[in-house]
Amino acid sequence: MIDYHLHLWPHGHSAAPMSVDEIGSYCEKANRAGIAEIALTEHIYRFKQTKKILGDFFLRYPESKMRSLMFEYWHQHCGADMDEYFSVVQAAKDAGLPVIAGLEVDYYPGEMDKVASLMAGYPLDVALGSVHWIDDWPFDHISDPFVMEYWNHYGIEKAWGAYTTALEELAQSGVIDVLAHPDLIKVAGHFPSVPDEFFDRMAQTAASSGIAAEVSSAGIRKPVGEAYPAPDLLSKFFELGVPITTASDSHGIDHVGFRVGEIKEFITSAGYDRLLGFKERRPYEVEI
Ligand SMILES: [Zn+2]
Ligand SMILES: [Zn+2]
């Protein structure tokens, strides 16, 4: 197994200095859970280099309490140095640790060319692609009552539609290798009347873009209480020949390898007998 979605820094905290020892402890914990290789995939918005190219991204939306909240979030999170991040991961590789260098890349409508040129300057092994917000609404901030209350205002069907459209545009941008937590829009436990319509679109876009989908145990820790993707969506990925990675989306060491046994069972019962690994953004097959 692999854990191809890991963060070093919890949300709401500034980026702490990184070390090879810290990465080593992630690898050790993963190894004890039967995981052969990990990918560090820090949020691209954590880095000052991203802030430099995207500026005050959220100021493009009309003034509102939501916009102020995201403006603050953006500023709170953008202090780390991407050069340092990649050089510490390289040092961990040089020390023989089973780690690859990744990024978790959000969808920035109209700005993906800039994001792609930033990424091209770094020795990246894998790029995850994520939709974490609809315009300036961070619909997955489940601990913020104001953000969660907005579900009532926006509406479930409309939210699933907007999320899926953003996911399609991100998949087709050519900038990413793997769709992270593909049905993240279910995080708070809100489902549309016919989820299959959206699942069909999510599976189709992964298949037609030639990218992989992530199977993540993170959803089990969230109000929705199940892995991403939902079983029906995983079946659709399998039917369309979409390859998969596996992940915990741990933000710190605590959840490294979280419920990896359950994920193994989940993917094998859906029919998968291979995962996809990445080196320098080139995919190759890995044994489960
Ligand atoms: Zn994410
Ligand atoms: Zn993540």
Side-chain angles (χ1 to χ4, degrees), residues 2-13 15-16 18 23 26 30 35 38-47 50 57 70 73-74 76-78 80 82 85 89 99-108 112 115 119 124-134 136-144 147 159 162-164 166-167 169-171 173 175-188 202 206 211-224 226-230 233 244-260 263 278:
I2 54 178
D3 190 343
Y4 260 27
H5 189 152
L6 292 167
H7 299 275
L8 293 164
W9 309 306
H11 289 294
H13 293 248
M18 303 171 58
I23 298 174
Y26 274 50
I35 291 161
I38 66 168
L40 287 183
T41 55
E42 201 46 75
H43 291 289
I44 200 165
Y45 61 74
R46 278 291 196 168
F47 300 102
T50 306
F57 179 78
M70 277 313 284
Y73 183 87
W74 184 250
Q76 187 191 26
H77 281 80
C78 69
M82 203 180 274
Y85 173 73
V89 178
V99 60
I100 63 164
L103 286 170
E104 180 173 10
V105 179
D106 295 278
Y107 180 47
Y108 299 99
M112 294 312 284
V115 173
M119 290 159 64
L124 184 63
D125 290 309
V126 66
L128 310 184
S130 300
V131 175
H132 290 119
W133 45 71
I134 293 169
D136 54 1
W137 175 36
F139 61 83
D140 73 334
H141 287 197
I142 48 171
S143 55
D144 184 331
V147 172
Y163 171 87
T164 307
L167 197 77
E169 291 171 4
L170 174 60
S173 69
V175 176
I176 60 152
D177 307 309
V178 183
L179 276 185
H181 39 57
D183 54 353
L184 177 68
I185 190 68
K186 72 183 179 185
V187 62
M202 292 174 193
I211 59 177
E214 172 189 274
V215 179
S216 168
S217 60
I220 301 171
R221 310 191 293 269
K222 299 293 161 63
V224 69
E226 65 171 32
Y228 310 109
L233 178 52
I244 54 167
T245 64
T246 50
S248 68
D249 203 353
S250 189
H251 284 65
I253 196 164
D254 288 0
H255 293 125
V256 172
F258 181 73
R259 305 279 184 102
V260 65
I263 293 299
F278 286 86

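Here the structure is a predicted model, which means the values were calculated and not measured. We count ligands from 1, going down the list as the structure has it; atoms in each ligand are counted the same way. Counting begins at 1 with the first residue of the sequence.
For the Zn ion (ligand 2), the count of nearby protein N/O/S atoms, taking only those under 2.8 Å, is 4.
By the ring pair (Phe, Tyr, Trp, His ring centres under 6.0 Å) test, Trp133 pairs with Tyr45, Phe58, sequence neighbours left out. For the ring pair (Phe, Tyr, Trp, His ring centres under 6.0 Å) test, residues two or more places apart in sequence or in another chain that qualify with His255 are Phe258. A search for ring pair (Phe, Tyr, Trp, His ring centres under 6.0 Å) contacts involving Phe278 returns nothing, not counting sequence neighbours.
A side-chain N or O of His5 and one of Asp249 form a donor-acceptor pair less than 3.5 Å apart.
At a threshold of 4.5 Å between non-hydrogen side-chain atoms, the residues Val187 and Tyr228 count as touching.
Ring to ring, His141 and His11 are not that close: their centroids are 6.0 angstrom or more apart.
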